[in-house]
Each structure stands twice: as C-alpha cells, then as structure tokens.
Amino acid sequence: MADPFPLSQIRNIGIAAHIDAGKTTTTERILFYTGRVHRMGEVDQGSATMDWMVQEQERGITITSAATTCVWKDHCINIIDTPGHVDFTIEVERSLRVLDGVVAVFCAVGGVQPQSETVWRQANRYRVPRIALVNKMDRAGADFHHVLHQMRDHLGANAVATQLPVGAEDNFTGVIDLLRMKSLIYEDDLGSVSTETEIPKHLEPQALEFREALLEAAAEADEEAMEAYVSEGDVALPLITRALRKATLSCSLVPVLCGAAFRNKGVQPLLDTIVDLLPSPLDVIPMEGVNPAGEPEVRAADPDGPFAALAFKITADPYVGRLTYIRVYSGERKRGEYVVNTLRDTRERLGRLLRMHANRREDVKSVRAGDIVAVVGLRDTNTGDTLCDDGHPLVLESIDFPEPVISVAIEPRTKADEERLTTALHTIAQEDPSFRMKVDQETGQMIISGMGELHLDIITDRLRRDMGVQASVGRPQVSYREALSGKTRADERFVRQTGGHGQFAHVILEVEPLGNGSGFSFVDKTVGGDIPKEFIPAVEMGVRQAMEAGPVAGFPLVDVLATLTGGSYHEVDSSDIAFRIAGAMALRSAASRARPMLMEPIMAVEVVMPEAHMGEVMGDITSRRGNIVAMRPTAGGTQTIRCEVPLPEMFGYATVLRSLTQGRGTYTMQPARYEPVPQTIAEEIVARIRGPLAGS
C-alpha cells in the first residue's frame, strides 16, 4: 500500500445500518474487489473477515466495530464496519464521532428499520455526510422505490437516486447509472464480468424522470450547474459530480444507490461513489477543541500542524496487549515518540503503531493527519481522551455514552475466580463505556449493567471463553430510575464535636423536578456570604452523591433541579467534608418529601410477523402493558407493528413470539425514554427490594 496518501485521496468511512441489512457482507465485497482479500467470506458461514470474534461467527451478527484499510483508484479508504444491533449502539456512536462519511445500508425488503433511524440520528448529531445503498435487491419483496420514499418520510432525508435497478428479486441483473445514463449488466455470480449497455427501452421513461430529479438537485447545489441546466437543459458529467459532491458534503442531499452485495452486484459503482462523493479529511469542518486557557481552538487537517488525535476505542488483544484506536486530526508522530493526554495530564509513549485489518495487524512507522490506527503502549488513555504534542495542548470534544438499562448480579464460582473476575470486568469496562460494574453496598453482590440481554450475554460468554473466568449470573434486573413529582425545601445542619476542631455546615436546599431526560442541574442562589464560595462545590458534590440512591428503592435519582438558597458556616469548624455531608443530607431529606416515584425504561419495539398471527401478537403486546403506535403491511404478506412496551415486560419475549408465530416472527427494540411505574407495580417492586412502599 502506497504510504502516505495525500489527504485529498483519503476516505474515512463507516458502514452502518440495521441488523441484517448486509453491512458486513458489503464490506467483505469491498475488500475483495479492492484486492485486500482474495477470498470472500460469508457471515452465515462464520467466515467473514470483519466478524472475527467467536461470538460474532456463532451468532452471525457484528458485535464490535472492526477497522480495515483498502485502496481503490489511487484512494486510501479506511473502513469501520459497525454493529446493527441496538445493544451495541456505543460502537456506532464512537465510530461516527471520528469518521468523515458513512455508507448507510438499507434492506430493499425491510426498508427503514428501527436501528436505521438510530444510526441516522447519530450521524445527524455529528453532521456526517452520507450515501445510501439499497441492498438485497435480489430478495423476494425487494422494492427500491418504497425504500426511497421511506428515507424521505421516516428520516427526513433529501434522498436522490443516482442509480435505478434493472429488474428486482430473481430478475435483478444490474443497475442504471443516472449520471452517465448507461446500464451496467452483471453476467456472472462474482460480479467481475459486467457489460455497459444502453438503458432498456421499457425503463427509459423512468430513467429520464429520475435523471431530471437528479439534475434539479445538482443544480440547486452549484451555480455553474444551475446555469448549464437552465440554458441547456442538461449538465455535463464532471459538473454533475462536482455539484452532487458539494451537496453531499453539506448534508443537504443523500445519493442513493442499489445493489445485491451477496450476489456481488453493485459493489464497484459503490466504491466509485465513495471516492467521488464522500469527503476527504480536507473537506470536513476542522476539529474544534478547548485550550488550557478555556478558549476554543481549531485544528485543521494538516500533517505539518500541531499533533492532535482522539482515542475512540480500547481493546485487549491477546497477543500485543492493550490496543488504543486513535483518529489523527492534525500533525504527525513517529513510533516511540511521546504525546500528552490533556484530559489526564499524563505523558504517553507511542509504542507500536498498527494499521488494523479486523484482528490482523500491520506495523507502520508513523501516523499523520487523516489516519485511523491502533497504538500499543498507551496505559492511561481511555475512550474519548485527547492526545496532543507538548507545546500545543488541546481538549477535543469527547464522546457521549448511553446509560445502561439492564443489570444482573454476577459472582465467581470459586475463590480462585474471584480476583480474576474483578480484573476481567475492569478490562471489559475499559473497552466498552456502555458497560458498568459496581458492588451493591447492601448485599455485597457485584452488579454488572449493559444495554440489553444480548449485551450482557456476550460479556458473560467472553468472561468464560476468552478470559477463563467461571462465574454464575443472576436473572436480568431492570435499571429503574427515580424522579420527583413535587417541589420542596430542606434545612439541614451537620454538627460534630470532637476533642479538637469540630465539623459544622448548614445548608438550605430546594429541589424540584426537571423534564424527562433533562439530567441534573445545580444552582447557587446564596447571597451575602451565607456560605463561602469555596464550599459551594462541596455542597454540589454531596447532592450528586446522594442522588446515586433515591428515596423510593435506592435507584439513581434523575431529572432534578437543586437550588442552594442559603445556609451558614463556622469560621473554624466548617470544611469541605462537612458541607458535602450537609448537602447530601439536605437532598435526601427534600427528595423524600417531594413525592418521589419509580421510573421504568420504555422500549420502542418493532415486530414483524405473518398477517395471520397479527391478532395473537397484538393481544400479547397489550397484556405486557404495551401501547401500539402504528401498523403497516410489508412485503411478502407480513405486517409490521410499532409499539412501546416497558422493558420489564419484554424479558423472554423472543421465545413467546416464536411460539405465537410458529417461528416466523422477529422483533427489534431500543430504549425510548423513562416513564413512571404504575403505583401498584411500584409497590410490588419496592416490597421485593426493601419492604413496603412508604411516603409515596
């Protein structure tokens, strides 16, 4: 591989979509046609290059994002293949944070599915330019135009077709290139033999209609293209490409292609579009961070500029140890040189620098702006940390991590496993920021929390097989939250007298509920030196600590506005620790009188089943306290139900759904929000945890 490539010839892209839309198969074909691999692996056979974990090969799904690099038409394409299951959404989140462009893959039958929408929202948040591939055009029920309409309706995307399919289902033979107004017909199963022909006569009217829409979209993005379109009624190919690229980079347009990756059709045109329309590091908005003075500072993509990189993923490699994946935004560093972790104020040495190909490694001597590599030797760097050179410190925007929604108790089977279990869980927590672990102070049990049953199942499987730890796992428990429904005030004093100096703090605190999902806010409204300013942070720290265990059942208290309105201090006996304790006491006292309530996670669920079983499935959803939001027919005589169901009611649903639909029903779910638990159910939950519900 030529190294280094000019920045203009680098593409950092992700392949993202709903589960089973064909992301990994598409990536596998890209690697084959670019010469990166010489034999195509298959997901169903467990031989896909990018699904290298044993757990991925057994289940036929992607669990962890995998990076690779290939070359197409003198362009270096760094690819991250991301998972499609909602339990592993953190892998998509941190990948999108560092990528310049995305190929969004949609199933031609399933269309826009729940995780498709989640990925799209994540890409919107980071303003990542996208192109779309409508995959599986060879499957029964494939409908390119239906998916195009869904992208516009469900995603709000300005989706513009740059290709049209020639045939569909078993008759899918190729694509119409609307830019060049030619057909590309595939003549063998490998997709390596294709013929460029005129557009079939029966498809000419449709092609002209979509070509017109494409020209209008291109003209809106570029003045020169607009002039050519108005004066001549057509636009030259280089001008169309330039205009489409400009619109794609601004996220105002999404070019849509079609193909059947499993049948090796449409992959080479996809590669051409990645090179032609998706951004290089030079095309994206320069990264902005904060310097030590607290001022914003921009780092443009420049190999000669100050070094700046973001660590976005940690993995434990059995052969080389801890691997830290970084995206370099500016500057250059060689193997063995030092960098500064600006978040932790530590110096780190870049040991080996590795260009990754899934789980295989290729040593490189240096990294520069635009590169995505793995580093060996970074001991104190975690996901979201910034690495810079000594003379130009900067903190880049970090990565948001989702809160876990499900927990289980775990304990070692033998005394020998006890220490290994703790070490292994710490390793996993470093790799996966959506995984949490803690010790329950009341029971002494180790509690692990994650994004769903599959997430925790994969973690316990890794403990056993990859790390050699034998552990027993309890039944899944819902990660409830607690919230306030009223406003109240607490006046608390903490006074302790000992032989020498005592402890004194007096805090007056008001608490009230914030909107669902608003988080925590602390406001200082003290006046006239009631409490010295140096003690205010200690009060806030005490309030935050007390919110970790709410008054109803000990679950975290959320969505609270805490206002410090007054208090007093003692010139000798007051201290940080005294005000921290007083703040915690005030929060507990006020929260217990503010009509606290238990909150449960509500899941957005989509169920696909044969129409004949619709009545039984709907009845079962209703019995689970579910609320049906929408229903729509889908291809092949199936129906899709969108509903919202409390997470506690969804345990074991896969088995029930198989039974109700004779094994033909499938479902997906993802967190939507938290809502209050009905009083009778809340009383049962609290009674199970700590006795009868009081004061609620």
Side-chain angles (χ1 to χ4, degrees), residues 5-16 72-79 96 98-104 120 122-134 148 151-152 155-164 175-182 209-258 269-288 298 300-302 329 369-370:
F5 281 80
L7 283 178
S8 61
Q9 291 172 219
I10 293 176
R11 300 290 182 269
N12 291 316
I13 66 162
I15 313 287
W72 181 256
K73 293 186 175 178
D74 296 325
H75 284 71
C76 173
I77 305 176
N78 295 316
I79 301 173
L96 288 176
V98 299
L99 292 170
D100 299 331
V102 165
V103 177
W120 203 264
Q122 290 171 313
N124 283 341
R125 183 160 61 250
Y126 293 117
R127 286 195 59 78
V128 182
R130 277 144 279 178
I131 62 175
L133 172 68
V134 179
L148 200 61
M151 289 181 65
R152 294 165 182 161
L155 305 176
N158 182 18
V160 177
T162 58
Q163 292 180 350
L164 291 176
V175 298
I176 296 172
D177 182 346
L178 295 174
L179 275 72
R180 297 183 301 122
M181 290 301 281
K182 295 286 185 181
E209 177 190 345
F210 277 84
R211 163 83 173 183
E212 194 71 15
L214 178 63
L215 292 179
E216 288 178 6
E220 287 178 9
D222 186 275
E223 287 186 12
E224 194 176 338
M226 174 67 81
E227 290 175 8
Y229 180 60
V230 171
S231 61
E232 302 170 20
D234 201 357
V235 184
L237 178 61
L239 202 51
I240 298 179
T241 304
R242 189 183 77 184
L244 286 177
R245 179 178 176 81
K246 187 183 295 185
T248 304
L249 298 188
S250 67
C251 296
S252 61
L253 180 146
V254 180
V256 183
L257 299 84
C258 56
L270 173 64
L271 281 163
D272 290 338
T273 306
I274 289 170
V275 166
D276 291 340
L277 302 187
L278 285 181
S280 75
L282 295 173
D283 298 315
V284 296
I285 300 171
M287 287 303 300
E288 185 176 293
V298 171
D302 180 5
Y329 288 102

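Atom set for the values below is all heavy atoms of this structure, side chains included, hydrogens, waters and symmetry mates excluded. Position 1 is the first residue of the sequence; numbering continues from there.
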Between Arg11 and Val275 (side chain of the first, backbone of the second, donor and acceptor by atom type, cut-off under 3.5 Å), is there such a pair? yes
Looking only at non-hydrogen atoms, find the nearest pair between Met151 and Ala132 and report the distance. CE-CB, 3.7 Å
Could you tell me whether the side chain of Asp100 reaches within less than 4.5 Å of the side chain of Pro281, counting heavy atoms only? yes
Only counting residues at least two apart or in another chain, list the ones meeting salt bridge (Lys or Arg N to Asp or Glu O under 4.0 Å) with Asp302. none
Give a yes or no answer on whether the side chain of Arg130 reaches the backbone of Ala104 with a donor-acceptor pair at less than 3.5 Å. no
Compare all side-chain heavy atoms of Leu7 with those of Ser280 and state whether any distance is below 4.5 angstrom. no
Look up atom NE2 in His75 and atom CG in Asp272, then write down how far apart they are to the nearest 0.5 Å. 10.5 Å
For a quick test of reading the model, state the closest non-hydrogen atom pair linking Ala221 to Ala247 and the distance between them. CB-CB, 3.6 Å
When rounded to the nearest 0.5 angstrom, what distance separates CG in Leu249 from CG in Leu278? 8.0 Å
Working note: Phe210 + Leu148, criterion side chain to side chain contact (heavy atoms under 4.5 Å, CB included); need CA distance, chi angles, decisive distance, verdict. CA-CA 12 Å; Phe210 277 84; Leu148 200 61; 3.8 Å; yes
Any Leu99 side-chain heavy atom under 4.5 Å of Ile13 side chain: no
Report yes or no: do Glu212 and Tyr229 form a side-chain donor-acceptor pair below 3.5 Å? yes
Is there a side-chain contact between Asp222 and Leu239, using heavy atoms and a 4.5 Å cut-off? yes
Determine whether Ile79 and Val103 make a side-chain contact, defined as any pair of heavy atoms from C-beta on separated by less than 4.5 Å. no
When you compare the side chain of Ile274 with that of Trp72, does any pair of heavy atoms fall below 4.5 Å? no
Where Ala123 and Leu96 come nearest, the two heavy atoms and their spacing: N-CD1, 3.7 Å
Stepwise, does the side chain to side chain contact (heavy atoms under 4.5 Å, CB included) test hold for Leu277 with Thr241? CA-CA 7 Å; Leu277 302 187; Thr241 304; 4.3 Å; yes
Please tell me if the side chains of Asp283 and Arg245 come closer than 4.5 Å, counting only heavy atoms from C-beta onward. yes
Are the side chains of Leu155 and Val254 in contact, using a 4.5 Å heavy-atom criterion? no
For the pair Leu237 and Arg180, evaluate side chain to side chain contact (heavy atoms under 4.5 Å, CB included) and give the outcome as yes or no after the intermediate values. CA-CA 7 Å; Leu237 178 61; Arg180 297 183 301 122; 3.7 Å; yes
Taking all non-hydrogen atoms of both residues, which atom of Ala218 and which atom of Ala225 are closest, and how far apart? O-CB, 4.0 Å
On a heavy-atom basis, the closest approach of Gln163 and Leu178 is N-CD1, 4.0 Å
In Å and rounded to the nearest 0.5 Å, what is the CG to CG distance from Leu271 to Asp276? 10.5 Å
Quick one: salt bridge (Lys or Arg N to Asp or Glu O under 4.0 Å) partners of Arg211, sequence neighbours excluded? Asp234
Run the side chain to side chain contact (heavy atoms under 4.5 Å, CB included) check on Ile15 and Leu133 step by step: do they pass? CA-CA 10 Å; Ile15 313 287; Leu133 172 68; over 6 Å; no
Heavy-atom donor-acceptor pair, Asn12 side chain to Asn78 backbone, under 3.5 Å: no
What is the distance from atom OG1 of Thr273 to atom CG of Asp177, rounded to the nearest 0.5 Å? 8.0 Å
Between CD of Glu232 and CG of Leu215, what distance do you get to the nearest 0.5 Å? 11.5 Å
Rounded to the nearest 0.5 Å, what separation is found between the CD1 atom of Ile77 and the CZ atom of Phe5? 9.5 Å
Heavy-atom closest pair (Pro286 atom, Ala300 atom, distance to 0.1 Å) is CB-CA, 3.9 Å
